[in-house]
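The structure appears below as structure tokens.
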Amino acid sequence: MDMKTIYLLIPLAPLFGAIIAGLFGWAIGRRAAHCVTIGGVAVSFALSAYVLNHLLSGGEAFNGTVYTWLTINGVDFNVGFLVDKLTAMMMCVVTFVSLMVHIYTIGYMQEDPGYQRFFSYISLFTFSMLMLVMANNFVQLFFGWEAVGLVSYLLIGFWFKRPTATFANLKAFLVNRVGDFGFLLGIGLVLAYFGSLDYATVFAKAPELKDTTITLMTGHTWSLMAVTCILLFVGAMGKSAQFPLHVWLPDSMEGPTPISALIHAATMVTAGIFMVARMSPMFELSDTALNFVLVIGAITALFMGFLGIIQNDIKRVVAYSTLSQLGYMTVALGVSAYSVAAFHLMTHAFFKALLFLGAGSVIIGMHHDQDIRNMGGLRKYMPITWITSLLGSLALIGTPFFAGFYSKDSIIEAVEFSTLPGAGFAHFAVLAGVFVTAFYSFRMYFLVFHGKERWMEKGHHDHHHDDHGDDHHHGLGPNDKPHESPWVVTLPLILLAIPSVVIGYLAIEPMLYGGFFDGVISVNHESHRAMEMMKEEFHGPLAMVTHAFSTLPLYLAIAGVAAAYVFYLVKPSIPAAIDRFFSAIGVRKVLEEKYYMDHLYINGFAAAGRAVGTVLWKVGDALLIDGLIVNGAAKLVGFVSSAVRRVQTGYIYHYAFAMIIGALGFITVWLGARLGWFGPEVFQWVVGLLYPQA
Amino acid sequence: MTWTSLNAWVAAPEIFLFCATCAILLLDLFVSDAKRGFTHWLSLAVLVVTGALLVRGYHAAPQYAFSHMFVADPLATLAKVGMVVGVALVLIYGRSYAADRGIFKGELYSLALFSLLGMMVMASAINLLTLYVGLELLSLSLYALVALRRDSVESTEAAMKYFVLGALASGMLLYGMSMLYGATASLNVLEISQRLMVEQSGNPLLATFGLVFVVTGIAFKLGAVPFHMWVPDVYQGAPTPITQLIGSAPKLAAFAFTIRLLAQAMEGFTPEWRSMLVVLAVLSLAIGNLTAIAQTNIKRMFAYSTISHMGFLLLGILVGNVVGYSAAFFYAVTYMLTAAAGFGVVMLLARQGFEADRLDDYKGLARTHPWFAGMLLLVMFSMAGVPVFVGFFAKLAVLKAVVDLGMVWLAVFAVAMSLIGAFYYLRVVKLMYFDEPEGAAAPLSGCMFTRVVLSLNCLALLGIGLFPNDLLLLLTNAVEFSLPI
């Protein structure tokens, strides 16, 4: 099998599964539906691993077109693949996590009537994501970008009978539209100034256009590169949920937990990070854009972490932690440490998928009660979930030797070395973020797995449901005992826990300092020295751990864990007191309202939009368009239609009459024109009307 | 004149088809009604052989036969291949329909094959006489086919109208041809062109006079407004397979016919006939699309939709250069396939005593027959010109040629009319997918072979839409090789 066939097979295998399960799921049944989709993704994963191995053992990167859809004015719209190490790494992560989630879903969605549909969607998602990461041009990137957005929309609203789910999926879709609008404008600028949509051509041409300026409003000129990159990054802000376009991600937790793990933690939301890393040859040319990226990332990393502290829904805690971690990745992009961002993307994919799936397992054990205030002491009942979740949390907060430690510490170090204007703020944000992350992660961990078994003492109150669209009993009764989940659920947890622990130790040296991304990611080492300086200081993964004991982040993490331990296991009265204090000064309210972002969007932009819309609707639409144009046109069409029907009498002499009149008309006009009956002016006028340019 | 100078091999496909059709006509007399399948398969076999002969005889350079009465150039050959496919589809889709209605007779086959012969002669004729003979052979066969259900009032009425109006149009065409002869003293297309354009020896006034009548005749064949009145009545009244026959393959013949008469013979008069075609195209697009909306009968709706599609075909031709002709050729070929598929689905749903020709018969089709509802959806999307489907690329090619000519207003008008047209195509989709079915699910007629061919036909609309370039290139080359420009 030649490599091109393999590259084609990788995305097509999940697509095949999705089509079979989606269109014929009703006929083949549940078992066959999950077999075919899991089979497709397994093939895809095996081939991705083969491709990665091929590249690691010195194979050539592939960049080629497989299909030309159409060509307009010399611009090709191709389906093409660019498979280098960055792509191969993404392909492996995507297919591996997807495979785990597929298996997990067998257990999680067991009782759901939309079983086949769900499998079809997640396979379709895998296809779309693979198309996105394997693209070698902007059009296909945009296709994948929109396709993952679409599947995300479908999956958030998977339980479409619940109003909250449809609200959430609409919100996700609309917020992403804002980002995608910027993204599309960015692509448009690329097309306009580079004359091509092919990555290789665009990147090769980028240095030439470094100093080009454009005028968007008269009197102001901007650097082309800065505007293009910022617009592209606006797309990333939508997809990767960066402040201020982050509002959709917490709500997306309305979807079933497996997709929260796959789409809203491990893969889709990292598409923005991947895209910026892919575009590194362009971003490197604009410090303005990088600074913008850095500040946005820093804000997201810190402020979204704060929100994690006050959440009580187990999935929302993990969701805010995802936002914060995406912020870290963005910060790394901002300081030109693209490889570090990609590295954190990978480690995060593993441990965050693990945490989500662990949360899902807890939710199954708690009979779809998601409120951590009702949990506690689950350690005894769900040992595998407990251990794996602990490992995931340790990886997240950056415990030495765990995956998250290497990637996160590298980010912090890279920010320290950066000389961009925003680096000072970013450094503070990522440091403070370490404490916050440790605190909310272990707050959740302690509340869920340790302490008193609170479901026994509390009745039902207003908790969030991850229900299945019907009204069966939720939560555990006082006398129930949670049970460990079946093996299809725990197996993925175990398989994800392994890379969450070891991948950082194994991969940091080759990925960051071993030339893994040579020729893929480009960094201007003269003006952006962070990576160079880190390389000088790096003496192996072990030395990094010993070095960590002399730096701040490790102690901040320990402090966070300790604080969580004291607050939630030893002295629960402390958080209550703090809570009262913050409530009194209004901070609590600000956090509960999520910095009023939703408020701003819904009551500000959306309401204003609706107000304008109402006016336009009443005056423009209802009166002018509907009343005059649409109904007028419809009336006109109806009038013409019935008039012609009246002419169509069915009498043969009427038909013959029409033909003869037509022929007579033709003769009169054209013979007349030749004989000059109408005078030259009329003739010229008609010619001018018919052929404006002749 | 010797046998070799006739160069008869060039016409081998036509000669074979003629002999085979005569043989079928005779053989069928000895076939009982119960064994009519024999005639059916034999006819299909004849079509396959004819097609093979055509493909084998493909030459890039035009080949003349019968002292320049007949030409086999790439344009004619490809058009003929298209017609053979079109007629084969008619026979395949129409079989069970014909059997249910007592018209599964030898006449159906011999007349259909003779009409094909007429079309092929039309495509290959390079002399006004051969052109006319081909046209008459086609027309006479079609008149008889429309009246094949002798006991049906609708059919006989349609046949009568078609015949009378057709005779009128033939008369006009013949009159126009005689004027051309008068103006140039030649019946040969290439000589006429030579005299009018290069030598300037013809009488321009007389030629214009002739041109008007020739265009009238062409407009009748294509069904362009105001010479379209026969189309709805004939489409509705004829048995559905015959409607399919009228609506598909002859459009290719009419295209070739138009190219011979206008692009080749009257090349020197391009501005004149271009402006005539502009009028015809504008009227056809407007009347066709606007009136189709008011129809409740799907065959009648298809009739008006054909009128509007012929408007598009005329748009391509009126551009008057290779780009325009190849766009129009592409349009004709793909329209032939699309129309065949549309009628194929109609016939599949029809059964004894039920024509499936009311729009209401399509309500809830997606519930009762999801696969063929999907297939009809492809047809409707393609006709409406939704991107990715072949109809989009056909329209795009034509519009591009028109815009390149500088007639942006015409392109805008055509797009606006297509938008109106999209309404009635999508209404069918709406009926199929969003309405409740009326009554219980009826069984489909047609054997597995028919269904597979029909499905492939419909999927081809998507397939060609995904890879339009190969076909477009083939047709462009054919036009380039055939027209000495």
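Chain A is the first sequence line, chain B the second, and so forth, proteins listed ahead of strands; every chain is numbered from 1.
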Is the Lys NZ or Arg CZ of A/Arg117 less than 6.0 Å from the centre of A/Phe119's six-membered ring, within 45° of the axis?
no
With only heavy atoms counted, which part of B/Val388 is less than 4.5 Å from chain A, the side chain, the backbone, both or neither?
side chain
Does B/Ser178 have any side-chain hydrogen bond (donor to acceptor under 3.5 Å, both in side chains) partners at least two apart in sequence or in another chain, and if so, which?
none
Which answer fits B/Leu211, side chain, backbone, both or neither, if we ask what part of it has an atom under 4.5 Å from a heavy atom of chain A?
neither
Sorted by chain and number, sequence neighbours left out, salt bridge (charged side-chain N to carboxylate O under 4.0 Å, His left out) with B/Lys161 holds for B/Glu157, B/Asp233
Kindly say whether B/Glu272 contributes a backbone atom to a donor-acceptor pair with the side chain of B/Ser275 at under 3.5 angstrom?
yes
Could you look at B/Ile287 and say if it's the side chain, the backbone, both or neither that has a heavy atom under 4.5 Å from chain A?
side chain
Answer with side chain, backbone, both or neither: which region of B/Ala169 has an atom nearer than 4.5 Å to a non-hydrogen atom of chain A?
both
Between B/Phe209 and A/Trp670, is the ring centroid distance below 6.0 Å?
no
Let me know if B/Met172 has heavy atoms under 4.5 Å from chain A in its side chain, its backbone, both or neither.
side chain
Heavy-atom pairs under 4.5 Å with chain A are the metric here; pick the option from B/Leu280, B/Asn289, B/Ile293 that has the most.
B/Leu280
Given heavy-atom pairs under 4.5 angstrom as the criterion, report whether the side chain, backbone, both or neither of B/Phe213 touches chain A.
side chain
Does any backbone or side-chain atom of B/Thr216 lie under 4.5 Å from a heavy atom of chain A? Answer side chain, backbone, both or neither.
side chain
Parallel, tilted or perpendicular, as decided by the 30° and 60° cut-offs, for the rings of A/Phe62 and A/Tyr7:
tilted
Measure from the side-chain N and O atoms of A/Gln116 to the backbone N and O of A/Gly25, and report whether any donor-acceptor pair falls under 3.5 Å.
yes
Interchain contact, B/Phe269 with chain A, by part (heavy-atom threshold 4.5 Å):
side chain
Evaluate whether atom CZ of B/Phe163 has more than 12 neighbouring non-hydrogen atoms of other residues, nucleotides or ligands under 6.0 angstrom away.
no
Under 4.5 Å, heavy atom to heavy atom: which of residues 656-667 of chain A reach chain B? Give them by number, or say none.
A/Ala656, A/Ala658, A/Met659, A/Ile660, A/Gly662, A/Ala663, A/Phe666, A/Ile667
Can you tell me if B/Arg300 uses its side chain to pair, donor with acceptor, with the backbone of B/Gln236 under 3.5 Å?
no
With respect to chain A, which residue among B/Asn469, B/Val164, B/Leu205 yields the maximal number of heavy-atom pairs within a distance under 4.5 Å?
B/Leu205
Side chain, backbone, both or neither: which part of B/Pro204 has an atom under 4.5 Å from a heavy atom of chain A?
both
Hey, do the aromatic rings of B/Trp230 and A/Tyr655 have their centres closer than 6.0 Å?
no
Can you name the residues that form a side-chain hydrogen bond (donor to acceptor under 3.5 Å, both in side chains) with B/Thr368, not counting sequence neighbours?
none
